Amino acid sequence: MTMLRARVSDHLLRAARYQRHRDRFGWRPLFQLAALADPANGEAARELRRSVPVPRADGLPAALRFMAIGTTGTCNASCIHCPTGKAETAHVPRGEMPMELFRKLIDGIAEAGLTVTDQISFGLFGDGLVDRQVIERARYLKERLPEVQLSVNTNGAAYAPRHAELAGLVDVVGLHCESLVEETYNLLMQPLRLARVKPKLEAILRDFPGKVHVSVPVSRRNLGELEAIRAWFMERGAQCVVFDPLSNRCAEDQTLFDSLALAPAPVRCGPDITNDLIVDCDGLVLACCQDFRRLEPVGNLLHESVADTLRSASRAALNAVLAEGRHCEKTTCGGCRGDMRTPDFPFDQLAAA
């Protein structure tokens, strides 16, 4: 009976984390059920405490929802619908985040006593495994913030045997894959080649059992293979396969995006995104992880502390703009478009079309 309760609690815990990561209703009750199913599950109890932030009187948020850290500005792919690697982002830094700056960021979160209710992700505009210091960073983060869920975002192409050490440090490997059909993959995820990357995908699934979250951006190019993609990854031990709506990533030229997207519409985020912390490899703090051209900075950790950037006037001003629906006053927000997530995306939309 004890073993059964532990298994049920663990299953509920994984489901709650998944629901929270996808910003879906009902994740808090799942944490409560996980703690009730097995009171000895300390991880469930910690997650439950983190999911009910206590208001603060020092001007800092009660909790951060999500953190994305650009541990490197380099991506080994230049997907055809992504601004990365294109002329419009030529001004964006491509180097690795200095360890001194990384430690300042993590120490700032720890010393302020901030919780992160969703997760901290390595990988913003670059690939998390391209970063040569990814293992050292993961180890430091887990030492300073042991209760935080850590994800490394990657397309898998840079995976090497040494990265297996991350299995004891990360909670999630966020794996980006747009197709398992060679011609489609090679087109969408240029200049990567499926024949070279697929063995690395299999190695990641083998080395990180139950930790791989597969993200499949849905486009007109891969619609016909979605179920096959899900089956392939799940059969090899993925924790989940999520079909994500395509975003224009606030690109200048949206012609290609419009040819790939299903039914794009303006995306209008609420003020809750100001409880996210998005930091690029040079310390620039951005309003949103879709701001690939870095047009809307709200701070800079080279010149200010974590606490100062979270209390900054520019962040407060952004919150007001979003709360009042004045998105068009911001270049990035006003031009943000994408397909809309629905409960069974994209299948419910296709059935209704």
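Only this structure's heavy atoms are used, side chains among them; waters, hydrogens and symmetry mates stay out. We count residues from 1, following the sequence as given. The model shown is predicted, which means the values in this text are computed figures rather than measured ones.
- Ring pair Phe345/Phe243: centre-to-centre distance not below 6.0 Å.
- Residues Tyr140 and Asp107 have side chains in contact (heavy-atom distance under 4.5 Å, counting atoms from C-beta outward).
- Between Arg94 and Thr89, the closest side-chain pair of non-hydrogen atoms falls below 4.5 Å.
- Side-chain contact check for Phe257 versus Leu246: some heavy-atom pair is nearer than 4.5 Å.
- Met189 and Val181 fall into different hydrophobic clusters, where Ile, Leu, Val, Met, Phe, Trp and Tyr are joined by side-chain heavy atoms under 4.5 Å apart, directly or via other members.
- Hydrophobic clustering places Leu60 together with Ile109 (ILVMFWY residues linked when any side-chain heavy atoms are closer than 4.5 Å, directly or through intermediates).
- Between the side chain of His91 and the backbone N or O of Arg293 there is at least one donor-acceptor pair closer than 3.5 Å.
- Hydrophobic clustering (ILVMFWY, side-chain heavy atoms < 4.5 Å, transitive): Leu302 and Val298 are in one cluster.
- Closest approach of Asn300 and Val285 over heavy atoms only: N-CG2, 4.0 Å.
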Trace of the side chain to side chain contact (heavy atoms under 4.5 Å, CB included) decision for Asp118 with Met67: CA-CA 8 Å; Asp118 186 347; Met67 279 180 62; over 6 Å; no
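- Within 6.0 Å of CZ on Arg196 lie no more than 12 heavy atoms contributed by other residues, nucleotides or ligands.
- Annotation: the span from Arg230 atom CZ to Cys240 atom SG amounts to 10.5 Å, rounded to 0.5 Å.
- Residues Pro346 and Leu262 form a side-chain contact, since some pair of their non-hydrogen atoms from C-beta on lies under 4.5 Å apart.
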Verdict with supporting geometry, His327 and Val267, side chain to side chain contact (heavy atoms under 4.5 Å, CB included): CA-CA 9 Å; His327 295 72; Val267 176; over 6 Å; no
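- Looking at Ser179 and Asn222, their side chains never bring a donor and an acceptor atom within 3.5 Å of each other.
- The minimum heavy-atom distance between Tyr185 and Cys177, with the atom names listed, is CE1-SG, 4.3 Å.
- When each of Leu166, Thr71, Asn153 is tested with Leu129 by the rule side chain to side chain contact (heavy atoms under 4.5 Å, CB included), just one qualifies, namely Leu166.
- Looking at heavy atoms from C-beta onward, Glu178 lies out of side-chain contact with Thr184 at the 4.5 angstrom threshold.
- Atom CZ of Arg221 has 12 or fewer neighbouring heavy atoms from other residues, nucleotides or ligands inside a 6.0 Å radius.
- Lys142 contributes a side-chain N or O that, together with a main-chain N or O of Val148, makes up a donor-acceptor pair within less than 3.5 Å.
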Test log, rule side chain to side chain contact (heavy atoms under 4.5 Å, CB included), inputs Leu277 and Leu105: CA-CA 10 Å; Leu277 183 58; Leu105 170 58; 3.9 Å; yes
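- Separating the CG atom in Leu260 from the OG1 atom in Thr255 is a distance of 11.0 Å, to the nearest 0.5 Å.
- Within a 6.0 Å sphere centred on CZ of Arg144, heavy atoms belonging to other residues, nucleotides or ligands number more than 12.
- In the displayed structure, Glu324 atom CD is contacted under 6.0 Å by more than 12 heavy atoms of other residues, nucleotides or ligands.
- Looking only at distances, no side-chain donor or acceptor of Glu304 sits under 3.5 Å from a matching main-chain atom of Leu301.
- By the criterion of side-chain heavy atoms lying less than 4.5 angstrom apart, applied directly or through intervening Ile, Leu, Val, Met, Phe, Trp or Tyr residues, Leu114 is grouped together with Leu101 in one hydrophobic cluster.
- Side chain of His81 to backbone of Leu188: no donor-acceptor contact under 3.5 angstrom is found.
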Side chain to side chain contact (heavy atoms under 4.5 Å, CB included) evaluation trace for Phe66 with Asn275: CA-CA 7 Å; Phe66 168 75; Asn275 283 334; over 6 Å; no
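- The line from SG of Cys289 to CZ of Phe125 is 7.5 Å long, rounded to the nearest 0.5 Å.
- Here Asp58 contributes atom CG and Leu310 contributes atom CG; the two are 10.0 Å apart, rounded to the nearest 0.5 Å.
- Closest approach of Pro217 and His176 over heavy atoms only: CG-CE1, 3.6 Å.
- Neither Val130 nor Leu150 shares a network with the other; the hydrophobic side chains, linked directly or stepwise wherever heavy atoms of I, L, V, M, F, W or Y lie under 4.5 Å apart, form separate groups for each.
- In this structure, Asp280 contributes its side chain and Asp282 its backbone to no donor-acceptor pair below 3.5 Å.
- The backbone N or O of Asp253 lies less than 3.5 Å from no partner atom in the side chain of Glu88, so there is not a single donor-acceptor pair.
- With a 4.5 Å cut-off on side-chain heavy atoms, Lys211 and Val152 do not count as touching.
- Of the possible donor and acceptor atoms, none in the side chain of Asn76 sits under 3.5 Å from a partner among the backbone N and O of Asn155.
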Residue pair Glu182, Lys198: steps toward the salt bridge (charged side-chain N to carboxylate O under 4.0 Å, His left out) verdict: CA-CA 10 Å; Glu182 192 159 357; Lys198 197 171 183 180; over 6 Å; no
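- The side-chain heavy atoms of Val241 and Trp232, taken from C-beta on, include no pair separated by under 4.5 Å.
- Arg220 contributes a side-chain N or O that, together with a main-chain N or O of Ala261, makes up a donor-acceptor pair within less than 3.5 Å.
- Counting only distance, with no hydrogens or angles, the side chain of Lys200 and the backbone of Ala157 share a donor-acceptor pair below 3.5 Å.
- Interatomic distance, OG1 of Thr274 versus CG of Leu318, reported as 6.5 Å (0.5 Å rounding).
- Closest non-hydrogen pair, Ala77 versus Pro191, comes out as CA-CD, 3.9 Å.
- Proximity of a side-chain donor or acceptor of Thr72 to a complementary backbone N or O of Thr74 within less than 3.5 Å is detected.
- We find the CZ-SG distance between Arg294 and Cys250 to be 14.5 Å, quoted to the nearest 0.5 Å.
- The aromatic rings of Phe208 and Tyr159 lie perpendicular to each other, with more than 60° between the two planes, well past the 30° mark.
- Looking at every heavy atom in both residues, Glu329 comes nearest to Val321 through OE1-CG2, 4.1 Å.
- Every residue meeting the salt bridge (charged side-chain N to carboxylate O under 4.0 Å, His left out) condition with Glu136, not counting sequence neighbours, appears here in chain and number order: Arg103.
- Between Gln190 and Ser78 the shortest side-chain heavy-atom distance does not fall below 4.5 Å.
- The two residues Glu96 and Arg137 come nearest to each other via the heavy atoms CB-NH2, 4.0 Å.
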